[in-house]
Structures are given as structure tokens and as C-alpha cells.
Participant: 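The structure is given below, and queries will be raised subsequently.
Only a predicted model underlies this, so the values are computations on that prediction, with no experimental measurement involved. Numbers here simply count residues along the sequence, with the first being 1.
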Amino acid sequence: MAPRSASSSSGSRPRKRRRRNQENEGESERLRAVRAVEHQPSALASMPEWQDDREVVLAAVQRDGCCVQHASPRLKADREIALTAVTENSEAVYMLDPAFKDDREVVLQAVMQDPACFEWASEALRQDKRVVMAAVSKEAVFLEQAPEALRGDRDVVMAAIEEDPSALQWAAPELQEDREVVIAAVSRKGEVLGWAPKFHADAEVVHLAAVQYEWALQFASPDLRHSREFILRVVGANWSALEYAPEEMRASREVVLVAAQQDGWAVQHASAALRGDRSFLMECVRMGSVSALQFAGEGILEDEAF
């Protein structure tokens, strides 16, 4: 083979240098683009020449996930970019390729930040236990949208109740009759006892509910409402429950004194006869519940003994 001429060899070197210079210029331009979106991610909107560049788009969504809206269709379908975007801002999920509605990891990442993203997920993923758990753990109301099988799943329902005990209303009937589930709910939000009629005659459950929220005493069965022993336990723990006790309990000296021992304001719920009873009011004062006197019957405070 004939040796390459000196002129041929020397001519190739400038071409290589030009190629390297062009490559370096390209890299420098990309670096400037990356730095631009790092400084101001929304700048990607006015950089159409870089909207299909993975490195530049990734740099933008790392700082503002919603900038994925400015990416090319190809990069909106890129899984790493999708996960990066929704991790930075869950709202980015609405700007991704619709195919990600079926991507469990992308949907979970979005839902864990904002449970409203649950509604964006595919029908299949809205029936996925992990996705539903992530949603109801953040916003219990999504239990209402869960499929019947998951509304009957103890783990899912307990996660929802932990977020908001009112979720008991959307639980499957068999879980509304589950004592452990109901206790978990009423001990934090007494009024939800209304959704568990099976336990209206259960002294422990009703006591827990009425202590947490006095209004729940209205759900107690007739036998419990007219049980002096039970009412004493309830008003002994929550004097405000006296307001919802039956008339004969509000006329009971023993019951009202137990409530008034906590706070004299309980006397406002006592019967007219007790509020007009001088010896009863004196006993309230001796217990230290002087505030009871503001509810004394007409003419009582004119007595020199007070």
C-alpha cells in the first residue's frame, strides 16, 4: 500500500479539530441550557430547541415538576422524567403521557403527595390495594370511591379511620359491625357511633363515644340511657353529656353533683327543681363549683346564706 501523502495527513487534522470544536460547542450550549433551567426552570417554555433534550428537561423537572408540560411528547413518556417530575410536584402527573395512568409507581408517588391524584389513575389502579391505601391514608373520603372489596378490607378501612374516623360511614356493613373497627373510630370521633347501630347497646362502646363527644349519648339504647350507673360513668368523665341525658337523670341529685364536681357549668343542664334547691347549690359551692350559682333558680341568690 502506498504511504499516505503528507498533504493528505495534514488535511485530516483540521477536520478533526473542527469536529471536536463543534462537539465542544454543542456541549457548551447544552451546559448553558442546563444552567439556564436550573436557575429558572420555566425558561424551558421558551427553549423549543431543548425540549426534546433529556438532560435539559431532567434538570428542569428536578426543580419544578410541572415544567414537564414543556417537554416533547417523547420525553413526557420517559419514565425517569415522569417519576422525577411527580416526586417534585404531584400536579405534574396531569401533564404526563396518559400511559402513566397505568403505572403503579408513578401513580403511587403522586397519590402519596396529593390524594386527589387518585382520580387520575386508571380504573385498574383505583382498585389496587396499595394505591387505595395511599389515598385514604391522606384523605379518608376516597374510601367512598374504593371498590366494594376494598371497603370491606380491614387494613384499608383502618387506614382511612386513622385519617378521619368519619370513614366508618363508607366501610362495608360487616366492618361497621366489627367491634375493634368501631372502637377505633368512636374513641376519636364519638358521633360516628351513628353508623354503628349494632353497638348502641354496648356500654363500653357508647361510653367511649360519649366521653369523646357528649352528643353521642343520644345514640345509646333506652336501657343504657335510663341506667343510673351508666350515666354516672359518662358524666363523671364528660360533664357536658348531662345535656343529652334523660330528664330523670338531669333531676338526679347524685348524677348532677358528679357532673358539677368537674365544672359548675353542668348545673345549667339540671332540672328546674335542682336549680331551685338551696341545699343542692350549697353543696356545689362546698365542692368548689361556685360557677353553678349563675344557674340558680329565681330568688335563690337573694338568700343571705349565699
Participant: Can you name the ring-ring contact (aromatic ring centres under 6.0 Å, His included) partners of F280, sequence neighbours left out?
Facilitator: none
Participant: Measuring from atom CG of D153 to atom CE of M158, what distance do you get when rounded to the nearest 0.5 angstrom?
Facilitator: 11.5 Å
Participant: Search all heavy atoms of D164 against all heavy atoms of K189 and return the closest pair with its distance.
Facilitator: OD1-NZ, 3.4 Å
Participant: Can you give the donor-acceptor pairs under 3.5 Å from side chains of residues 229-242 to other protein atoms, not counting sequence neighbours?
Facilitator:
residue	atom	partner	partner atom	Å
N238	OD1	S240	N	3.2
N238	ND2	A210	O	3.1
N238	ND2	V211	O	3.3
N238	ND2	E214	OE1	3.2

Participant: Quick check: are there more than 12 heavy atoms from other residues, nucleotides or ligands sitting under 6.0 Å from CZ of R35?
Facilitator: no
Participant: Quick one, V192 and Q169 - any side-chain contact, counting heavy atoms below 4.5 Å?
Facilitator: no
Participant: Could you measure the distance from the CG atom of D64 to the CD atom of E38? Nearest 0.5 Å is fine.
Facilitator: 13.5 Å
Participant: Got K198 and V182 here, is their nearest side-chain heavy-atom distance under 4.5 Å?
Facilitator: no
Participant: What's the separation between atom CE in M47 and atom CZ in R32, rounded to the nearest 0.5 Å?
Facilitator: 10.5 Å
Participant: Is there side-chain contact between L168 and Q176, with heavy atoms separated by less than 4.5 Å?
Facilitator: yes
Participant: May I ask you to check whether Q127 and E123 show a side-chain donor-acceptor distance below 3.5 Å?
Facilitator: yes
Participant: Do you know which two heavy atoms are closest between R151 and A146, and how far apart they sit?
Facilitator: NE-O, 3.1 Å
Participant: Look only at the side chain of Q109 and the backbone of V106, and say whether a donor-acceptor pair between them is shorter than 3.5 Å.
Facilitator: no
Participant: Let me have the donor-acceptor pairs involving side chains of residues 267-276, under 3.5 Å, with sequence neighbours excluded, atom names and distances please.
Facilitator:
residue	atom	partner	partner atom	Å
Q268	NE2	W265	O	3.0
S271	OG	L274	N	3.3
R275	NE	A270	O	3.1

Participant: Hey, what do you get for CZ (R126) to CD (E119), rounding to the nearest 0.5 Å?
Facilitator: 8.0 Å
Participant: Hey, could you give me the CD1/CZ distance between I161 and R188, rounded to the nearest 0.5 Å?
Facilitator: 9.0 Å
Participant: Are the side chains of P165 and V186 in contact, using a 4.5 Å heavy-atom criterion?
Facilitator: no
Participant: Could you check whether any side-chain N or O of R30 sits under 3.5 Å from a backbone N or O of V56, counting only pairs where one atom can act as donor and the other as acceptor?
Facilitator: no
Participant: Does the T84 side chain pair with the main chain of Q62, one donor and one acceptor, at a distance under 3.5 Å?
Facilitator: no
Participant: Determine whether L281 and F295 satisfy the following criterion, side-chain contact (heavy atoms from CB on, under 4.5 Å), listing intermediate values before the conclusion.
Facilitator: CA-CA 9 Å; L281 292 169; F295 306 107; over 6 Å; no
Participant: Looking at every heavy atom in both S252 and R228, which two are closest together, and how far apart are they?
Facilitator: OG-NH1, 2.6 Å
Participant: Ignoring hydrogens and angles, tell me if any N or O in the side chain of R74 forms a donor-acceptor pair with the backbone of D52 under 3.5 Å.
Facilitator: yes
Participant: Measure across A60 and P41 and return the closest heavy-atom pair with its distance rounded to 0.1 Å.
Facilitator: O-CB, 3.8 Å
Participant: Would a distance-only check, ignoring hydrogens and angles, find a side-chain to backbone donor-acceptor pair under 3.5 Å from S46 to A43?
Facilitator: yes
Participant: Given side-chain contact (heavy atoms from CB on, under 4.5 Å), test V111 with K138 step by step and report yes or no.
Facilitator: CA-CA 9 Å; V111 169; K138 290 284 188 178; over 6 Å; no
Participant: Has the side chain of Q294 got a donor or acceptor atom that lies under 3.5 Å from a matching backbone atom of S291?
Facilitator: yes
Participant: Any non-hydrogen side-chain atom of W120 less than 4.5 Å from a side-chain atom of F100?
Facilitator: yes
Participant: Determine the interplanar angle of the W215 and F219 rings, folded into 0 to 90°, and report it as parallel if under 30°, tilted if 30 to 60°, perpendicular if over 60°.
Facilitator: perpendicular
Participant: Keeping the roles fixed (side chain from H200, backbone from L193), state whether a donor-acceptor pair exists under 3.5 Å.
Facilitator: yes
Participant: side-chain contact (heavy atoms from CB on, under 4.5 Å) for L75 and R54? Distances and angles first, verdict last.
Facilitator: CA-CA 7 Å; L75 292 182; R54 195 171 187 278; 4.1 Å; yes
Participant: With side chains defined as the heavy atoms from C-beta onward, is the minimum distance between V61 and E88 less than 4.5 Å?
Facilitator: no
Participant: Quick check: do V37 and R63 have side-chain heavy atoms less than 4.5 Å from each other?
Facilitator: no
Participant: side-chain contact (heavy atoms from CB on, under 4.5 Å), that's the test. Do F118 and V131 meet it? Break it down for me.
Facilitator: CA-CA 8 Å; F118 177 76; V131 173; 3.8 Å; yes
Participant: Determine the minimum heavy-atom distance between Q69 and K76, stating which atoms define it.
Facilitator: O-NZ, 3.2 Å
Participant: Would a 4.5 Å heavy-atom cut-off, applied to side chains only, mark V156 and K129 as touching?
Facilitator: yes
Participant: Nearest heavy-atom pair of C117 and S90: which atoms, and what distance?
Facilitator: SG-O, 3.8 Å
Participant: Atom SG of C66 and atom CE of M95: how far apart are they, to the nearest 0.5 Å?
Facilitator: 3.5 Å
